[in-house]
Every structure is written in structure tokens, then in C-alpha cells.
Amino acid sequence: MDRYNPAQIEAKWQQVWKQQGSFTIPNPEVAEAAEPSRKSYVLEMLPYPSGTLHMGHVKNYTMGDVLARFRARNGLTVFHPMGYDAFGLPAENAAIKTGAHPADLTRINTDNINQQLHRLGVSIDWSRELATSDPEYYKWTQYFFLKFFERGLAYRGEAPVNWCPSCATVLANEQVIQGNCERCATAVEPRSLAQWFFRITDYAERLLHDFDLLKSWPERVITMQRNWIGRSGGAEVVFRVAELDLDVPVFTTRPDTLFGATFFLLAPEHDLVQKLVEGTGYENPVRDCVASARLKPLQDRAVAEREKTGEFTGRYAINPANNEPIPIYVSDYVLMEYGTGAIMAVPAHDQRDFEFAVKFDIEVRQVVAMPGAEAGAGAMTSAFEGDGVMINSGRFDGMPNREAGRAIIEWLSSEHLGRAAVSYRLRDWLISRQRYWGAPIPIVYCDRCGTVPVPEAELPVVLPEVKDYAPRGRSPIAASEDFVNTACPACGGGARRETDTMDTFVDSSWYFLRYTDPHNDREPFDRAIVNYWMPVDQYIGGVEHAILHLMYARFFTKVLYDIGMVGFKEPFTNLFTQGMIYYKGAKMSKSKGNVVNPDEHVEKFGADTLRLYILFMGPPELDVEWQDQGIEGSFRFLGRVWRFVNEVIEKTEALTAGAPEPEGASREMSGLLGKTHRTIARVSAGISERFRFNTAISAVMELVNEAYLVKESLLGDEEGRAVLRFVAETVVSLLDPFTPHLCAELWQRLGHKDIWRQPWPQPDERRLQETTYELVVQVNGKVRDRLQMHASASKEELAAAARSSRRIAGYTEGKQIVKEIIVPGRLVNFVVK
RNA sequence: GCCGAAGUGGCGGAACUGGCAGACGCGCCGGACUCAAAAUCCGGUGGGGCUCACCCCCCGUGUGGGUUCGAUUCCCACCUUCGGCACCA
């Protein structure tokens with residue numbers, strides 16, 4: 001018998017798969033007529049080609065591959081493509097350092113990753129490979145920008161934005177983590193700049209509503225998105241500034257507390273601040289307050305524990321509930337970005353307002369009584385934010401506060417003083433970046449015609465060559481005169497091109513659609529084809545994309561649905577988020593120097609061993625710790641499989657397919673046969689139902705262990721050899737999704753071909769049940785004996801057997817059995833007194 | 001502070017709808033094979049106690065309560081770790 005030599009075997013089969021294009025799946029001839037219930041789109045998040053694949057990628061792509069291979073062998077037409085999220089800062093930053101072109105660096109990296117993926121043996125349809133930085137791809141990214149622009153979903157606006165000084169570009173809200181840049185952790189600065197946005201807020205309600213269409217999305221991902229969108233129901237209420245004849249709307253979630261509003265607040269950035277304070281004598285302190293708020297870094301401003309500051313404007317607003325004038329202040333705890341940038345302050349029922357009122361000595365008027373407490377008794381020491389009965393609120397007194405809120409909205413509406421309203425935390429998606437390596441925004445500015453979209457026929461707007469990639473607060477392509485100066489598409493006169501590029505999250509918001517029709521040069525994809533393959537049946541990736549990528553892709557899909565380009569509202573029906581791999585107690589990272597390189601392990605043990613180990617480590621959704629010696633166990637196991645199967649091949653004869661039905665079966669023989677069928681059932685369920693790859697693998701290990709123990713005795717006669725042959729073939733067949741190279745080789749040696757195309761084994765229902773089992777006998781819940789019982793034994797038989805146990809007698813002697821609990825197949829429990 | 005997930009041997013982890021806690025693997029200990037080693041194969045391995053002949057007893061799934069014949073599993077309170085959000089009116 002030759003030794004298990006993964007290097008040789010893996011190279012051999014990778015070559016076969018590549019030459020035969022074994023996993024290439026053509027589009028259906030007539031997509032409209034194709035039966036979608038037989039297809040399965042298995043997708044892993046595409047890699048960002050910043051260098052080479054790390055362990056997280058290996059886990060991601062191995063999981064996807066196990067699923068793809070398993071589903072293919074279960075008769076589904078599996079769609080399993082791969083590409084590269086190739087635009088982005090790492091390549092550009094490397095270009096700045098080395099002077100090499102980002103496109104060249106990207107090509108080197110994608111080639112690298114392509115090879116790594118081949119060496120892992122993943123069953124990818126390589127004919128659909130794409131890179132988002134190819135003009136053939138980003139042409140369509142630009143096309144979608146134009147479609148968004150046409151519909152008013154892409155707009156340019158001046159707004160306070162997050163500027164990362166290190167990356168020298170603006171960032172979307174979603175890319176700011178605790179006030180720091182998501183990429184480089186530099187503190188972001190507020191700036192006011194004209195930028196391009198996608199109107200994702202228009203889709204806030206549908207993004208929330210369509211969670212219903214998602215199956216098996218992790219609850220926490222949905223919760224994170226829900227919190228991010230941050231829907232609040234309440235009311236818009238208009239406060240009047242009589243002296244200036246101004247109406248200022250506020251948003252509140254607590255219309256029930258309207259009678260308790262004793263002051264009014266504006267955000268420092270609010271348009272009306274200047275107008276209000278003019279001529280009151282309070283100009284200077286207010287101006288200082290506004291200026292200092294503008295300078296304050298965003299993360300400092302967002303600290304709840306900070307002491308409240310603010311300035312009186314010298315003006316009063318009328319509370320529409322009781323027509324009382326209340327003072328107007330400016331304070332930086334009011335955010336311009338949320339609601340209307342102005343609030344009614346109710347110190348009795350909002351802790352922040354309470355703190356402000358205490359500091360500025362403003363009346364605290366309670367309008368919701370605390371249940372149990374005497375109404376209005378004594379001074380409050382903090383705001384009461386709970387529910388209760390209305391007081392001090394005119395004709396609403398005595399109502400439960402929630403009900404009063406609805407009544408007050410109704411009354412406000414009838415008086416045209418307000419209405420029911422909804423507010424979202426979500427803000428529009430800022431997509432322009434002042435950097436080079438991205439898709440140019442296809443817009444031209446003309447002095448006469450204004451902002452003009454580039455006509456579709458002129459796409460792509462190709463990223464120009466530049467000499468210097470360094471960012472200087474504007475995109476490096478702004479320095480390219482040939483690029484910037486152009487003719488206006490509308491009037492033909494001189495005009496300038498937009499020089500910002502798009503956020504790379506735009507690129508990855510639709511790549512899964514392009515896979516379905518990747519070489520189409522007339523349109524981004526064919527409608528019938530995309531509707532056949534989509535939606536993705538199983539998406540797999542890291543939880544770090546819970547908000548960013550997954551929300552943007554959902555938004556994009558909904559817009560395309562509205563345009564009529566796709567026939568589905570959600571892109572990813574099922575989502576699985578994998579846990580991270582830790583090493584030495586921390587996330588792997590270059591800076592910590594605790595990176596485990598997959599290539600080294602592929603070289604040392606082979607890809608099959610690495611694939612097996614990474615799934616055997618633990619439940620795939622949890623974070624797990626890499627153990628250096630753990631992988632050797634997986635290698636040893638594959639060696640054990642190798643020796644077992646080869647020995648069986650040597651000592652038994654090839655048989656016609658099918659499970660053996662030995663007649664003169666020994667106990668070992670039928671025991672092993674039953675175990676084999678149970679293993680088939682366990683592995684099938686483990687893969688298909690709950691991604692329980694770790695226990696599926698351990699089930700096969702158990703089977704192999706048992707086969708080793710009875711092997712010698714079974715080799716002695718013909719029926720025993722038939723059983724062993726069946727066991728060997730089953731083990732190979734079940735392991736194939738996990739360790740495809742080894743299994744392809746052993747399958748061939750067993751005299752068959754192309755295991756990746758063979759039907760998945762089915763268990764024999766009749767052999768799943770064991771004929772005997774160990775009955776646990778308890779006295780007062782403690783295990784006191786175990787008895788071998790026949791599977792068909794009745795309750796009465798079980799009780800009788802348990803009672804006649806000598807051991808049990810020792811515990812029940814002289815006592816009274818008050819209760820017998822009999823669970824067939826498990827236990828008998830005597831309760832004694 | 002709020003929301004969510006998780007706490008099980010020396011380690012990674014198993015345990016279906018409440019029913020034998022510790023499957024499987026790592027590590028460790030012992031044996032076989034060998035001139036020897038590696039590899040391989042076989043056995044043992046939660047803690048404590050015992051007239052430790054492996055028979056048996058007690059304890060044990062973060063902590064403290066509860067429900068139940070029976071709880072890693074269900075309920076209540078708390079502790080710890082990790083993730084998300086955090087002046088959002």
C-alpha cells in the first residue's frame with residue numbers, strides 16, 4: 001500500500017477539475033422555462049484582494065464548498081461563482097508607496113488568490129470569475145449610478161460629513177466606528193462638503209418591512225440592521241415664534257408630554273439660530289456656542305454623560321398645548337441630523353432635558369404621574385420616563401399617557417398644529433470618495449447646463465492614468481487635465497468631469513447579480529437569467545458585514561426591483577454568518593503577529609486536512625481558537641481513512657453497488673452495518689439542517705473507529721468483506737464534500753468515477769434503529785442500574801425488568817414505590833419513600 | 001447605560017423536543033510492534049473517597065434560588081467574557 005500523499009493527490013484532481021471544467025454551469029437555454037426549484041445559488045462573500053487569503057477566508061470558502069458539493073450530489077443544479085472586490089484603498093496605498101499601478105498590483109493579488117482557491121479545491125464555476133475594477137464591470141456600476149440619478153436616488157448635497165484625515169477621504173456613516181475610521185481607526189473630523197449621496201432613507205421602511213422575506217437570517221444581524229435604521233414613531237409638532245412670525249417644527253416620540261414642555265432647543269447648526277438671536281442682545285454668547293459646537297469632534301459631542309451646555313437666544317416659542325411662551329435655547333446635545341434639528345424639552349420626563357433644566361433653573365413640570373406615588377409631590381431628582389396617568393394636561397388629565405399621546409396627535413392634526421410622524425436614525429449613504437482606485441462618478445458639470453449625467457452610450461468613464469496617487473483632499477484624477485476637461489453632453493460646450501470615485505461598497509452591492517450573466521456587453525445582466533438564478537439561496541460571510549454590505553446590497557436590490565430590472569425584493573434568502581478564528585487568545589492580525597498562514601498548512605498537510613480541521617474545530621457560527629496540534633489530528637484521521645479504504649480494496653473484491661444484506665450476520669457485522677446507516681443519516685442532517693459540520697465529521701470518525709475494531713473479524717468471510725466494502729465506500733462518499741481530493745482518489749481506486757457527480761448516499765430506514773439498547777434505571781432520579789433491553793420491549797416489560805434488578809432492589813427494599821416513570825427507549829425511574 | 005450572544009474536563013468542543021453529562025478530537029499515561037526511534041495499532045484519562053479486586057459511594061455543566069420524578073437544557077436574580085448601539089428627542 002502506498003502512503004497517503006496529499007500533495008500528489010491534490011495536484012492530480014485539481015488538474016482534472018480545471019481541465020474538465022467540472023463545476024462550470026451554463027445558463028439555461030431558455031431561462032424563462034427553467035425550473036427554479038432545482039437550482040441552488042451558493043455564495044460566499046467575495047474576497048478583497050489585498051494580499052493572500054487568510055484563515056477566515058479558508059473557513060468561509062470551505063463552508064460554501066461543502067454546501068455546494070453536498071447540494072450538487074443531492075441533485076440540485078448548484079451555482080457557485082467567485083470574484084474579487086478589487087477596487088479600494090490597500091492597492092492604492094501600496095501604489096503610493098511603490099509607484100506601481102494599482103491595476104497591476106490588483107492583478108498580481110487576484111492571480112494569487114485564484115491560485116490559492118484552486119489549491120483549496122473549491123468547486124467554483126470559474127467561467128464567471130469577475131473583478132469589480134475591470135472596466136467591463138464598473139461600466140455597469142456607473143450605469144446603475146445613472147439609473148439612480150434618473151430617479152432622484154443619487155443626489156449631490158452639502159452636508160456635514162465625516163472626514164478621515166489619514167485616508168484623506170470622506171466616509172459613510174456606516175464606516176465610522178465609535179467616531180473612528182472603520183479602516184484605519186483614525187479619529188474622523190466633521191467637515192461640510194458637497195458630496196454625492198444615495199437616498200437610502202427613502203427605503204428605510206421597506207428595509208425594515210422586508211425582514212419578513214428573509215429566512216434563517218441570524219437574529220442578531222436583523223437586530224443590528226433594525227437598530228441602525230432606528231425607526232421611531234411619534235409626532236411632528238409646530239411651535240410658533242410669534243415675534244418673528246416663524247413656525248418651527250419639532251419631532252417627538254412623546255406627544256403625551258407636550259403640556260410638560262417648558263423650554264425649546266435648537267441644534268447649533270440649525271438655520272434659524274442666526275435669525276432668532278438677531279437684535280436680542282444675546283448674539284455673542286450664542287455665536288460662541290455655535291462655533292465651539294462646530295469645532296468639537298463628533299465623538300466628543302456624542303457622550304451622554306457630558307455636562308449639558310447651551311445658551312439662551314432671547315426668544316420664546318409658544319407651546320401649542322397651553323399657549324404658554326417657553327424660552328428658546330441653543331444646545332449641542334440636539335443633533336441637526338436627527339428629526340428636525342429642534343426639540344421641545346420636557347424636563348420632567350426626559351433625563352437629558354432634566355439635567356439641562358436643573359443647570360439653567362427652568363421649571364420642571366410633571367405631566368405623567370408615577371404609578372403609586374402621590375401626584376406632583378415634592379421636587380423630582382431625576383426625570384420619570386415611564387408610563388402613568390396624565391396630570392397638568394387640561395382635558396387629557398386622567399388618561400393613560402400612551403392613549404393621551406394618540407389623542408393629542410389627533411387634536412394637533414385637527415388644529416393643523418402637528419401630525420403623526422416617523423423619524424429614522426438612518427441617514428443617506430454618502431458614496432463619493434476623494435481617492436483614485438474606484439469607479440469614477442459619471443457626471444459632468446457645465447456652466448450653462450449644470451450637473452449633467454454622462455450618456456449611457458459613453459460608458460464606461462474610464463479611470464485615467466495618473467503619475468501621482470497621493471490624496472490631497474481631492475481625488476488624484478482631478479490633476480489629469482485630459483480627464484477633467486470634456487464637452488458637455490447636453491450643449492457640447494466646455495465642461496468639467498466629476499473627479500470623485502464611488503465607495504467600493506457600491507461595487508459589491510450588485511456583484512452577485514453580474515455573476516449570472518458575467519459576459520453580457522449590452523446590459524448588466526439578462527432579466528430572465530438573473531431571475532432564474534437569484535435570489536441567492538445561501539449566502540455565507542463574516543458578521544462584520546452585518547450592516548454595511550448587507551444593508552447596501554438589500555437597498556440596491558430594491559431599487560433595481562422598482563426599476564423593473566429584477567423580479568425579487570431581497571437578494572439573499574438565507575444568510576449564515578461565520579465566527580472568527582482566534583489564535584493565542586486574540587483575533588489574528590499582522591500587528592499582533594499571531595497570524596496562522598493557510599499556505600503553510602496546505603503545504604505541510606494538504607488542503608483536505610486544512611479543510612477538515614477548520615470545520616471540525618467547532619460550530620461554524622462561533623468564534624473558535626486555532627490549535628496548532630489540532631490539525632495533526634485531522635491529518636491522522638485522513639491517514640486512517642486512507643489505510644482502511646486501501647486495505648479493503650486489497651482484500652475484498654469489487655461488488656455491484658448497493659448496501660449489502662448479509663444473512664448469516666454476526667453481531668459485529670450487523671452492528672457495523674447499522675452504524676453505517678446511522679452515520680449516513682447523521683452526516684446528511686448535520687450538513688443540510690444546521691451547518692453542524694463538526695458533529696458530522698465526528699460521526700464519520702466514530703464509524704471509522706468502529707470499522708477498525710471489527711475489521712479483522714469481518715475480513716474472514718465473504719459477507720463480512722461485503723459489509724466492509726460498503727463501509728469503505730460510504731465513508732469516502734460522506735467525506736467527499738469535506739475532503740474532495742482524497743475522496744476522488746479513493747473513489748477511483750474503489751473502481752468508480754467522478755465522485756463529485758455521484759448521488760448522495762441514503763440510509764436504509766430499517767437499519768437505523770438499533771435492535772437493543774441500554775435502559776437506564778433510576779431511583780429518585782439517580783442512575784442505579786443499566787439493563788440491555790430489546791428495542792420492541794413494552795412499557796410493562798421495561799418496568800418488570802427494572803423491578804427485578806438486584807441492584808434496584810437494594811434501593812427500594814423496605815420502601816414504598818410511589819411513582820414509576822417509564823420512557824421507552826430511555827429510562828425507568830422509581831420514586832420511593 | 002441599553003440590546004444581543006456565550007460561560008461544560010488540562011485544551012477545542014458534544015448532548016435531538018427536560019431523560020446515562022463529557023461524544024469526537026488534541027494533550028497526557030500505559031501496552032503491542034521495533035535492535036531502536038518515528039509511524040501505526042490497542043487500552044486508559046472530570047474531581048474526591050473507599051476493605052482503589054475498575055466493585056461501589058459522594059461531588060460536578062459561571063453563582064444563588066425555583067419548577068419537576070428528573071435540569072447543561074425551562075423560570076427568576078446575580079457574576080464574568082465577547083459583540084453591537086450609545087445625548088436619536
Side-chain angles (χ1 to χ4, degrees), chain A residues 3 177-178 218-228 230-232 234 250-254 257 261 265 267 299 301-306 308 331-335 337-346 349-353 355-356 423-427 543-544 546-547 579-580 582 612-613 616-619 621-634 636-637 639-640 643 682 685 689-690 692 694-702 704-705 708-709 711-712 774-783 785-786 807 818-821 823 825-832:
Chain A
R3 281 183 58 133
I177 312 292
Q178 313 258 302
E219 202 49 48
R220 63 172 171 154
V221 172
I222 290 179
T223 304
M224 280 164 75
Q225 288 202 10
R226 186 168 276 133
N227 291 343
W228 188 263
R231 181 190 200 277
S232 300
V250 301
F251 174 75
T252 178
T253 53
R254 295 291 304 275
T257 63
L265 287 172
Q299 71 268 32
R301 207 170 139 180
V303 171
E305 291 77 26
R306 218 179 83 238
K308 300 286 175 286
S331 175
D332 66 2
Y333 82 86
V334 180
L335 307 176
E337 299 80 30
Y338 188 76
T340 63
I343 65 168
M344 63 179 216
V346 185
H349 303 290
D350 182 291
Q351 186 56 28
R352 298 156 298 174
D353 299 345
E355 287 162 22
F356 192 94
S423 198
Y424 301 94
R425 206 191 77 110
L426 180 72
R427 290 186 240 160
V543 73
E544 64 273 16
I547 296 173
M580 277 184 302
Y582 281 65
L612 188 75
Y613 176 59
F616 181 65
M617 282 167 77
E621 71 277 16
L622 297 184
D623 295 341
V624 286
E625 171 92 14
W626 177 273
Q627 297 194 304
D628 286 315
Q629 281 160 328
I631 190 168
E632 289 176 32
S634 293
R636 276 203 287 267
F637 170 67
R640 227 163 127 79
R643 287 185 297 276
R682 283 175 69 187
E689 282 166 26
R690 300 189 299 151
R692 302 309 264 198
N694 53 335
T695 51
I697 293 165
S698 77
V700 182
M701 287 174 169
E702 280 184 47
V704 172
N705 288 348
Y708 263 85
L709 293 181
K711 187 178 62 177
E712 293 311 319
E774 200 172 64
L775 178 78
V776 169
V777 184
Q778 300 179 329
V779 177
N780 285 344
K782 283 189 194 266
V783 181
D785 201 4
R786 296 154 211 266
R807 270 196 195 156
V818 292
K819 200 168 179 184
E820 288 179 1
I821 289 113
V823 185
R826 297 201 190 275
L827 55 68
V828 170
N829 185 14
F830 295 119
V831 185
V832 301

Counting only Watson-Crick pairs (N1-N3 plus N6-O4 or O6-N4) and G-U wobbles (N1-O2, O6-N3), all under 3.5 Å, who is the partner of [N]?
{"N": "B:G9", "result": "none"}
{"N": "B:U17", "result": "none"}
{"N": "B:G60", "result": "none"}
{"N": "B:U40", "result": "B:A32"}
{"N": "B:C85", "result": "B:G1"}
{"N": "B:G27", "result": "B:U45"}
{"N": "B:U73", "result": "none"}
{"N": "B:C52", "result": "none"}

Of all the choices, [options], which nucleotide is nearest to the side chain of [X] once you look at every atom?
{"X": "A:S232", "options": "B:G12, B:G19, B:A89", "answer": "B:A89"}
{"X": "A:R826", "options": "B:G84, B:G19, B:C11", "answer": "B:G19"}
{"X": "A:K782", "options": "B:G12, B:G27, B:C58", "answer": "B:C58"}
{"X": "A:Y708", "options": "B:C42, B:C24, B:C11", "answer": "B:C42"}
{"X": "A:V624", "options": "B:A89, B:G13, B:G25", "answer": "B:G13"}
{"X": "A:T695", "options": "B:A15, B:U40, B:G25", "answer": "B:A15"}
{"X": "A:Q627", "options": "B:G25, B:A23, B:C69", "answer": "B:G25"}
{"X": "A:R640", "options": "B:C69, B:C42, B:A89", "answer": "B:C42"}
{"X": "A:R425", "options": "B:A89, B:A86, B:G27", "answer": "B:A86"}
{"X": "A:T252", "options": "B:A89, B:G19, B:G13", "answer": "B:A89"}

For a quick check of understanding: with a heavy-atom distance under 4.0 Å over all strands, which category does [X] fall into, base, sugar-phosphate or nothing?
{"X": "A:D623", "answer": "sugar-phosphate"}
{"X": "A:V776", "answer": "base"}
{"X": "A:N227", "answer": "nothing"}
{"X": "A:L709", "answer": "sugar-phosphate"}
{"X": "A:F830", "answer": "nothing"}
{"X": "A:R692", "answer": "sugar-phosphate"}
{"X": "A:G339", "answer": "nothing"}

### Expected output: side-chain A:Y708 to main-chain A:R640 donor-acceptor under 3.5 Å
yes
### Query
Can any side-chain N or O of A:D350 pair as donor or acceptor with the backbone N or O of A:A345 at less than 3.5 Å?
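No: the side chain of A:D350 does not pair with the backbone of A:A345.
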Could you check how far [atom1] of [X] sits from [atom2] of [N], rounded to whole Å?
{"X": "A:E544", "N": "B:C82", "atom1": "CD", "atom2": "P", "value": "18 Å"}
{"X": "A:E625", "N": "B:G27", "atom1": "CD", "atom2": "P", "value": "16 Å"}
{"X": "A:I222", "N": "B:C85", "atom1": "CD1", "atom2": "P", "value": "17 Å"}
{"X": "A:Q778", "N": "B:U68", "atom1": "CD", "atom2": "C1'", "value": "13 Å"}
{"X": "A:I343", "N": "B:C87", "atom1": "CD1", "atom2": "C1'", "value": "9 Å"}
{"X": "A:N694", "N": "B:A15", "atom1": "CG", "atom2": "C1'", "value": "12 Å"}
{"X": "A:R682", "N": "B:A15", "atom1": "CZ", "atom2": "C1'", "value": "11 Å"}
{"X": "A:W626", "N": "B:G25", "atom1": "CH2", "atom2": "P", "value": "18 Å"}

### Task
Take A:E702 and A:R220, find for each the nucleotide of RNA chain B with the closest heavy atom, and name the residue whose nucleotide sits nearer the 5' end.
A:R220
### Residue whose closest nucleotide on RNA chain B lies nearer the 5' end, A:G618 versus A:N829
A:G618
How far does the [atom1] atom of [N] sit from the matching atom of [M], given to the nearest Å?
{"N": "B:G4", "M": "B:G9", "atom1": "P", "answer": "27 Å"}
{"N": "B:G60", "M": "B:C78", "atom1": "P", "answer": "24 Å"}
{"N": "B:U81", "M": "B:A89", "atom1": "P", "answer": "30 Å"}
{"N": "B:U45", "M": "B:A21", "atom1": "P", "answer": "16 Å"}
{"N": "B:C57", "M": "B:C2", "atom1": "P", "answer": "48 Å"}
{"N": "B:U17", "M": "B:U73", "atom1": "C1'", "answer": "11 Å"}
{"N": "B:C20", "M": "B:C85", "atom1": "C1'", "answer": "44 Å"}
{"N": "B:U61", "M": "B:G22", "atom1": "P", "answer": "14 Å"}

Which heavy atom of [X] sits nearest to which heavy atom of [Y], and what is that distance?
{"X": "A:Y613", "Y": "A:Q627", "answer": "OH-N, 3.2 Å"}
{"X": "A:K308", "Y": "A:Y333", "answer": "CD-CD2, 3.3 Å"}
{"X": "A:N829", "Y": "A:G781", "answer": "OD1-N, 3.1 Å"}
{"X": "A:M580", "Y": "A:D623", "answer": "N-OD1, 2.7 Å"}
{"X": "A:S232", "Y": "A:F251", "answer": "O-CZ, 3.5 Å"}
{"X": "A:I821", "Y": "A:V831", "answer": "CD1-CG2, 4.1 Å"}

### Query
Taking NZ, NE, NH1 and NH2 as the nitrogens, is one of them in A:E621 or A:R220 under 4.0 Å from a carboxylate oxygen of the other?
no
### Message
So, OP1 or OP2 of B:C41: does either fall under 4.0 Å of a side-chain N or O from A:R643?
### Response
yes
### Message
With syn defined as a glycosidic angle within 90° of 0 and anti as the rest, where does B:G9 land?
### Response
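This nucleotide is in syn.
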